[in-house]
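Because the structure is predicted, anything quoted here is derived from the model rather than measured. In what follows, every chain begins at residue 1, and chains take the letters A, B, ... in the order their sequences are listed. Hydrogens, waters and symmetry mates are skipped; everything else that's a heavy atom, side chains included, is used.
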2 protein chains.
Amino acid sequence: MKIGELSRATGANIETIRYYERIGLLPAPARTAANYRSYGPAHRSRLSFVRHSRELGFTIEEIRSLLDLSDDPARDCGEADRIATAHLGQVEAKIAQLVLLRDELARIVGRCRGGIAADCRVIEALGDHSRCESQH
Amino acid sequence: MKIGELSRATGANIETIRYYERIGLLPAPARTAANYRSYGPAHRSRLSFVRHSRELGFTIEEIRSLLDLSDDPARDCGEADRIATAHLGQVEAKIAQLVLLRDELARIVGRCRGGIAADCRVIEALGDHSRCESQH
DNA sequence: CTTGACCCTGTAGTTGCTACAGGGTGCATA
DNA sequence: TATGCACCCTGTAGCAACTACAGGGTCAAG
Ligand SMILES: [Zn+2]
Ligand SMILES: [Zn+2]
Ligand SMILES: [Zn+2]
Ligand SMILES: [Zn+2]
């Protein structure tokens, strides 16, 4: 299959597929006589793995480690679990931080009563963290 | 005050301060005889505004609009309110998305029972979105 | 008189793509 | 046969918001 078909099959953008090849995340495929990339089912499933992992927020380097692991099926899967658990922890930390942020923003936004910029509580609050009720 | 003092006073990195000047977010300050940047209280409060807004997740372009507004105190503050409200909406959307992600990751991580990579449910789940219970 | 802490400019790197520019290929239609 | 169009190629530059040098200048203390 050509790159356009692979793109439609996996939802990955064509430029992104070439990018993954360039950084060594996907192996360089065979070429046709016209120098077009020619992919098989193994490329397709590897790319699906990459895209799905990206959608779940894993970084390219984490995905590289996960792929190394699945390329060597005899290895212990502890590292995969460790990477996924660490990532889950990061997502939870990010959520906690965004919740603080949201609450602070909601307080700030709620203070505007309209009028001129000189009297605006939103602008005032943005200039002075000591009015905040949380850390961020 | 010199750039190092301003940096300590606001928590902004020195390189970041020069970067803000370069992109026109902070005005170019006066220079000493030795060509050192020399800042006053107005610079300091403007930079505090910028850093605080960045900590609250506003983009540079949003901050530019907010600064324009506070530079012109007679203007109506409706736009500041609009920017902050829109940003609050984005934070809420991001939280909702991360919560879905977290739940999916927790499901995936919980499936690993140890063993070899070939049998790992984590690696399997990463390769196949149809095993997911939510969109992302 | 030299050491160390500062400051300067300009450029390149980071992450994960995305968007061209400027070309080649392959097939259907007028 | 021409020609239009969709598709493919390489290589480079751009995005956000910084951060990290390299290679220099300035200044006060010991
Ligand atoms: Zn207001
Ligand atoms: Zn604050
Ligand atoms: Zn496992
Ligand atoms: Zn999924």
Side-chain angles (χ1 to χ4, degrees), chain A residues 1-26 28-39 43 46-67 83 87 90-91 94 97 101 136, chain B residues 1-26 28-39 43 46-67 83 86-87 90-91 94 97 101 126 136:
Chain A
M1 90 203 299
K2 285 189 285 179
I3 198 167
E5 289 171 82
L6 182 65
S7 168
R8 282 186 296 275
T10 60
N13 186 311
I14 289 178
E15 322 259 32
T16 303
I17 298 171
R18 288 197 282 244
Y19 168 70
Y20 287 161
E21 180 183 329
R22 203 160 59 240
I23 65 172
L25 207 59
L26 297 182
R31 298 292 182 122
T32 68
N35 198 33
Y36 289 5
R37 287 173 179 82
S38 179
Y39 296 97
H43 290 103
R46 195 177 179 93
L47 180 54
S48 295
F49 185 101
V50 171
R51 285 312 307 161
H52 193 216
S53 300
R54 284 291 302 131
E55 278 159 16
L56 289 164
F58 288 92
T59 66
I60 298 283
E61 289 314 305
E62 286 166 340
I63 295 169
R64 218 186 274 279
S65 304
L66 291 167
L67 283 170
I83 293 171
H87 181 54
Q90 282 166 29
V91 171
K94 186 78 190 172
Q97 189 214 325
L101 219 78
H136 40 245
Chain B
M1 88 203 302
K2 284 188 285 180
I3 199 168
E5 290 171 82
L6 181 64
S7 169
R8 282 186 296 277
T10 60
N13 186 310
I14 289 177
E15 321 259 34
T16 303
I17 298 171
R18 287 197 282 245
Y19 167 71
Y20 287 161
E21 179 183 329
R22 204 160 57 241
I23 64 171
L25 205 59
L26 298 181
R31 299 290 182 124
T32 68
N35 200 32
Y36 289 5
R37 286 172 179 82
S38 179
Y39 297 98
H43 290 102
R46 194 177 179 91
L47 180 53
S48 295
F49 185 100
V50 171
R51 284 312 305 162
H52 194 215
S53 301
R54 284 292 300 129
E55 278 158 15
L56 289 165
F58 289 92
T59 66
I60 298 284
E61 289 315 305
E62 286 167 340
I63 295 169
R64 217 185 276 278
S65 303
L66 290 167
L67 283 170
I83 292 171
H87 181 54
Q90 282 164 29
V91 171
K94 185 81 191 169
Q97 189 213 326
L101 219 77
L126 291 175
H136 40 246

Rounded to 10 degrees, the angle between the two terminal axes of the helix from C/dC1-D/dG30 to C/dA30-D/dT1, each from five pairs |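 Taking five pairs per end, the axes differ by 30°.
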Shortest non-hydrogen contact between [X] and [Y], atoms and distance:
| X | Y | value |
| --- | --- | --- |
| B/Leu56 | B/His87 | O-NE2, 2.8 Å |
| B/Leu101 | A/Glu55 | CD1-O, 3.3 Å |
| B/Leu25 | B/Arg46 | O-NE, 3.2 Å |
| A/Ala12 | A/Ser7 | O-OG, 2.7 Å |

What contact category does [X] fall into here, base, sugar-phosphate, or nothing, at under 4.0 angstrom with non-hydrogen atoms?
| X | value |
| --- | --- |
| B/Ile23 | nothing |
| B/Phe58 | nothing |
| A/Arg37 | sugar-phosphate |

Give the C-alpha distance, both sets of side-chain angles, the deciding distance and a yes or no for side-chain contact (heavy atoms from CB on, under 4.5 Å) between A/Thr59 and A/Ile63.
-> CA-CA 6 Å; A/Thr59 66; A/Ile63 295 169; over 6 Å; no
Between A/Arg8 and A/Glu5, is there a side-chain N and carboxylate O pair less than 4.0 Å apart?
->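 Salt bridge absent between A/Arg8 and A/Glu5.
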Taking [atom1] from [X] and [atom2] from [N], how many angstroms apart are they, rounded to a whole number?
| X | N | atom1 | atom2 | result |
| --- | --- | --- | --- | --- |
| B/Arg18 | C/dC7 | CZ | P | 8 Å |
| A/Asn35 | D/dG11 | CG | C1' | 14 Å |
| A/Glu62 | C/dT15 | CD | P | 12 Å |
| A/Arg22 | C/dT15 | CZ | P | 15 Å |
| A/Asn13 | C/dG16 | CG | C1' | 12 Å |

Show your reasoning for whether side-chain contact (heavy atoms from CB on, under 4.5 Å) applies to B/Leu66 and B/Phe49.
-> CA-CA 10 Å; B/Leu66 290 167; B/Phe49 185 100; 4.0 Å; yes
Before giving the answer on side-chain contact (heavy atoms from CB on, under 4.5 Å), spell out for B/Gln97 and B/His136 the whole-Å C-alpha distance, their side-chain angles and the decisive distance to 0.1 Å.
-> CA-CA 7 Å; B/Gln97 189 213 326; B/His136 40 246; 6.0 Å; no
Identify each donor-acceptor pair in which a side-chain atom of residues 14-21 of chain B lies under 3.5 Å from a protein atom, sequence neighbours left out, and give them as a table.
{"residue": "B/Tyr20", "atom": "OH", "partner": "B/Arg51", "partner atom": "NH1", "Å": "2.7"}
{"residue": "B/Glu21", "atom": "OE1", "partner": "B/Arg37", "partner atom": "NE", "Å": "2.7"}

side-chain N/O B/Arg31 vs C/dT9 OP1/OP2, d < 4.0 Å =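 For C/dT9, OP1 or OP2 has a side-chain N or O of B/Arg31 closer than 4.0 Å.
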Could you tell me whether the phosphate oxygens of D/dC18, OP1 or OP2, come under 4.0 Å of any side-chain nitrogen or oxygen in B/Tyr20?
->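 It does, given that an N or O in the side chain of B/Tyr20 lies less than 4.0 Å from OP1 or OP2 of D/dC18.
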Counting side-chain heavy atoms from C-beta on, which of [options] comes nearest to [X]?
| X | options | answer |
| --- | --- | --- |
| A/Ile14 | D/dC8, C/dC7, D/dC9 | D/dC8 |
| B/Ile60 | D/dA17, C/dC8, C/dG16 | D/dA17 |
| A/Arg51 | D/dC9, C/dC17, D/dC18 | C/dC17 |
| B/Glu15 | D/dA17, C/dC8, D/dA20 | D/dA20 |

Given DNA chain C, 5'-ward residue of the pair A/Thr32 and A/Tyr19, judged by closest heavy atom |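 Here A/Tyr19 is the residue nearer the 5' end.
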Pairs under 3.5 Å (N/O, protein and nucleotides 23-25 of chain C):
{"residue": "C/dG24", "atom": "N2", "partner": "A/Tyr36", "partner atom": "OH", "Å": "2.9"}
{"residue": "C/dT25", "atom": "O4'", "partner": "A/Tyr36", "partner atom": "OH", "Å": "3.1"}

